[in-house]
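The chains referred to below are lettered A, B, ... by the order of the sequence lines, with proteins before strands, and numbering in each begins at 1.
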4 protein chains.
Amino acid sequence: MTNARDKMVSIDSSRDDVRDAIFQSAIELFARRGYYATTIRDIVEKAGVTQPMVYYYFGSKEKLFISCVRELFKKIVKTYENIDTNISFANYLKAFLDVGNDIYADSPESVLLMVNYIHSPEEYPKFKNIKNLAWKPVQMLIDVIGDAKDDGIVRKDIDQITTAIMVFGASTMGKSLHYINKNIADIGFDEEPKYFSGQIQKIILGGILNN
Amino acid sequence: MTNARDKMVSIDSSRDDVRDAIFQSAIELFARRGYYATTIRDIVEKAGVTQPMVYYYFGSKEKLFISCVRELFKKIVKTYENIDTNISFANYLKAFLDVGNDIYADSPESVLLMVNYIHSPEEYPKFKNIKNLAWKPVQMLIDVIGDAKDDGIVRKDIDQITTAIMVFGASTMGKSLHYINKNIADIGFDEEPKYFSGQIQKIILGGILNN
Amino acid sequence: MTNARDKMVSIDSSRDDVRDAIFQSAIELFARRGYYATTIRDIVEKAGVTQPMVYYYFGSKEKLFISCVRELFKKIVKTYENIDTNISFANYLKAFLDVGNDIYADSPESVLLMVNYIHSPEEYPKFKNIKNLAWKPVQMLIDVIGDAKDDGIVRKDIDQITTAIMVFGASTMGKSLHYINKNIADIGFDEEPKYFSGQIQKIILGGILNN
Amino acid sequence: MTNARDKMVSIDSSRDDVRDAIFQSAIELFARRGYYATTIRDIVEKAGVTQPMVYYYFGSKEKLFISCVRELFKKIVKTYENIDTNISFANYLKAFLDVGNDIYADSPESVLLMVNYIHSPEEYPKFKNIKNLAWKPVQMLIDVIGDAKDDGIVRKDIDQITTAIMVFGASTMGKSLHYINKNIADIGFDEEPKYFSGQIQKIILGGILNN
DNA sequence: TATGAATGAGCTTTCATTCAT
DNA sequence: AATGAATGAAAGCTCATTCAT
């Protein structure tokens with residue numbers, strides 16, 4: 001089952017086993033419970049490591065949180081930036097929503113964390129410099145809608161900011177609901193993100209395109 | 001010096017004073033910082049009362065939180081329920097959004113609290129029974145859109161849940177951003193809620209109505 | 001044995017029993033072990049109170065230390081200031097040494113604490129503003145010797161600073177040794193402070209007076 | 001590239017380098033901050049080595065401290081023992097004070113460490129066996145003054161212990177003040193040790209000699 | 001009603017030390 | 001001879017809560 005090569009790989013990758021375990025546990029707990037309701041003891045217990053390891057690898061609870069958030073947000077932003085912009089507006093919107101679904105499929109916690117982060121006015125007062133990262137995807141969407149207005153594809157009386165927030169707000173809220181419903185408590189809104197995003201596309205396009 | 005009537009008045013009003021002060025401080029702090037980042041000390045300091053008063057009037061931090069949330073949510077639900085349902089769908093949507101703006105104008109923290117509450121999967125694990133209240137307005141919107149579909153006003157291929165979430169998600173996110181931008185940190189999305197809701201109406205109606 | 005009046009007194013004075021117990025334990029432990037080797041747990045155990053009481057009454061370990069030091073030093077300075085300055089230099093020197101002995105008899109730890117404090121260059125880096133208090137007695141002695149030089153009582157070639165340090169250094173070191181020998185470990189220098197101060201007087205007066 | 005001789009040399013010198021670096025850093029930090037306020041991390045950071053090296057070369061923090069103190073104290077004692085005892089009492093006193101100044105000039109920290117050590121009743125509870133070394137110079141001075149009494153040079157009513165403590169206490173306190181004033185904080189007593197010791201000699205001799 | 005004082009439990013963090021390599 | 005990684009124990013401190021008055 002395990003040949004020599006696998007072993008080597010596992011040795012290599014085991015270099016940061018502890019760090020990774022802390023990181024993963026931290027993301028999940030921060031995402032589900034928030035910063036203050038998550039304790040270092042929770043994190044290390046889930047990760048199966050000892051408390052000082054958090055300080056060895058990350059320095060403090062705050063720095064651990066920032067590491068988690070920054071790393072996730074960077075990855076998210078990068079994924080959105082990979083969308084080819086030389087496509088039609090309708091296709092871009094579809095791609096934007098698909099990327100959101102992919103991210104959620106790959107790491108549901110990252111979406112939760114982002115939503116929580118965006119909506120917590122003072123819970124993370126010292127982490128403002130991450131705000132720009134968190135809002136980057138929305139900003140990208142705003143720009144694309146603005147361009148589409150310039151090109152006459154989107155109606156001139158449509159506000160790109162509102163539109164972007166509708167797309168982003170609805171798709172993230174849909175995922176947030178899906179996560180809660182699946183993992184925590186039955187709240188009755190359990191559609192698949194894919195279904196939501198298909199509907200969002202249709203409604204948005206119907207509502208903002210010319211003609 | 002102090003006659004019986006004065007005493008009664010002062011006792012009556014002072015009782016409410018203390019309870020109200022705690023209540024108001026708690027709402028604001030819970031809304032801005034979340035449940036776990038808010039301490040009893042923070043609350044009583046802001047309210048200008050002593051710690052045991054919280055336990056005298058509310059029993060515990062948890063019960064205080066539930067009181068705050070329940071009271072606010074009930075008020076919010078009641079306000080939405082006051083909307084006359086014997087009006088056109090377009091007018092109902094407008095009224096729904098207007099009510100949201102009124103609530104925000106009257107008590108911005110209640111909106112913040114609701115948004116946070118909805119998006120926090122495990123931060124408030126023991127307070128699940130409030131979930132129904134929190135989702136009531138969305139549910140009402142879903143029902144109205146459903147009726148409008150039955151009446152042939154809204155297209156049959158439109159999902160009422162997605163639509164409701166788009167309306168609700170965008171309008172609450174807009175307010176949340178407005179609050180943060182005005183009171184806490186400049187994040188660059190500072191349109192007035194009214195502007196947002198006007199745009200939302202237009203886009204939604206354009207996207208879902210028949211013809 | 002205990003009449004009503006005693007009870008009342010004890011009730012009155014019991015108001016700050018806990019604070020006093022912490023204060024006394026802290027002084028003794030800080031004096032004997034130094035700041036860093038003394039833990040809050042040590043202090044409260046000795047005082048028979050719980051940990052949060054330290055924070056209730058003093059705010060932090062650092063503030064507790066500063067409170068102890070400042071209060072003791074103020075008392076010490078005040079005692080030295082009570083010496084009548086309208087007496088002969090020889091009598092002043094005697095009085096100065098006697099006051100030192102009285103303080104030591106009353107509160108040996110205060111002398112220990114002062115000596116340790118004076119000699120610890122960086123152990124208490126944030127407590128510099130207490131330094132002035134700690135050096136006040138020496139400064140007073142310097143001034144008196146200076147005056148005695150002006151009056152022709154002390155020889156002009158004698159440096160008042162050196163003289164004061166000899167008096168102060170020897171008498172405090174003598175007490176420090178006495179304390180250690182009596183309470184901690186036999187180190188073989190166990191003369192009574194009174195004996196030391198008599199000798200110091202004699203030697204100093206023989207060494208600095210005119211003729 | 002590297003031949004055997006080079007290896008040996010580099011091994012030899014590097015071994016001493018690491019040990020010495022730890023030793024020097026430890027002395028300075030222990031002297032300035034005391035035992036408990038100094039951490040192994042502080043020491044290795046200052047020395048530019050890794051933590052386990054302390055354990056490899058010294059076994060433990062406690063043993064490192066004892067090594068430092070013992071080595072310094074032995075050197076100090078040896079220096080005092082080098083004073084020729086076949087000289088006049090006055091010259092011996094001068095030589096004694098000069099040696100103190102030389103030691104301070106060569107290694108100010110050793111003086112600080114000794115003073116702190118002597119005055120710390122319980123900070124170093126397990127290191128009592130070093131006490132004898134620390135007090136050796138004073139003991140030597142006591143003996144010499146005793147001899148001078150026997151020889152009729154010093155007055156019979158003079159106590160040699162008090163005298164020794166005055167000499168030792170004043171000269172070490174003078175150096176301690178000088179160090180603090182020069183390296184840490186302005187406390188206003190900044191005379192050079194040489195000046196102090198000249199004055200001490202004069203006052204002591206004037207105060208204790210016959211005639 | 002209201003308060004100052006008190007508490008057990010738990011928090012984040014750091015310490016001296018050791019292990020595997 | 002040297003290191004990065006790991007650990008148990010304990011540090012200072014704060015929390016929600018309660019008691020006596």
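Nearest heavy atom pair, residue A:Lys63 against residue A:Ser60, reads N-OG, 3.1 Å. Closest approach of A:Leu64 and A:Ala26 over heavy atoms only: CD2-CB, 3.9 Å.
Counting to the nearest Å, the C1' atom of F:dA6 and the CE atom of A:Met53 are 4 Å from each other. Spacing between atom CD of D:Gln51 and atom P of E:dA16 amounts to 8 Å, rounded to whole angstrom units. When the P atom of F:dG12 is taken as reference, atom CG of C:Leu29 falls 12 Å away, rounded to whole Å. In this structure, CZ of D:Phe58 is placed 18 Å from C1' of E:dT18, rounded to the nearest angstrom. If you measure from atom NZ of D:Lys63 to atom P of E:dA16, you get 16 Å, rounded to the nearest angstrom. Separating the CD1 atom of C:Ile40 from the C1' atom of F:dA10 is a distance of 13 Å, rounded to the nearest angstrom. Regarding A:Ile22, its CD1 atom lies at a distance of 8 Å from the P atom of F:dA6, rounded to whole Å. One interatomic measurement links the two molecules: NZ of D:Lys61 to P of E:dC15, which rounds to 9 Å at whole-angstrom precision.
Using a distance-only test at 3.5 Å, with no hydrogens or angles considered, no donor-acceptor pair links the side chain of C:Tyr56 to the main chain of C:Arg19. A side-chain donor-acceptor contact under 3.5 Å links B:Asp42 to the backbone of B:Thr39. With A:Asp20 contributing its side chain and A:Asp17 its backbone, the two residues share no donor-acceptor pair below 3.5 Å.
In this structure the side chain of D:Phe23 reaches within 4.5 angstrom of the side chain of D:Phe58, judged on heavy atoms. Residues D:Arg33 and D:Leu29 are in side-chain contact: their nearest non-hydrogen atoms beyond the backbone lie under 4.5 Å apart.
In this structure, A:Lys61 forms no cation-pi arrangement with A:Phe30, as its terminal cationic atom is not both closer than 6.0 Å to the ring centre and no more than 45° off the ring axis.
The shortest distance between the side-chain N/O atoms of B:Tyr55 and the OP1/OP2 oxygens of F:dT17 is below 4.0 Å. Note on A:Tyr56: a side-chain N or O is less than 4.0 Å away from OP1 or OP2 of F:dA5. The phosphate of E:dA2 has OP1 or OP2 within less than 4.0 Å of a side-chain N or O from B:Tyr57.
Nearest to the side chain of D:Thr39, among E:dA16, E:dA6, F:dA11, sits E:dA16.
Atom name P, nucleotides F:dA20 and E:dT1: the rounded distance is 22 Å, in whole Å.
Rounded to 10°, the helix from E:dA2-F:dT21 to E:dT21-F:dA2 has 20° between the axis fitted to its first five pairs and the one fitted to its last five.
Residue-to-nucleotide proximity on DNA chain F shows that, of B:Pro52 and C:Gly59, the 5′-proximal contact is made by C:Gly59.
Near DNA chain E, meaning a heavy atom under 4.0 Å from it, residues 41-49 of chain B has no residue at all.
Legend: residues meeting side-chain hydrogen bond (donor to acceptor under 3.5 Å, both in side chains) with C:Thr50, ordered by chain and number and at least two apart, are absent.
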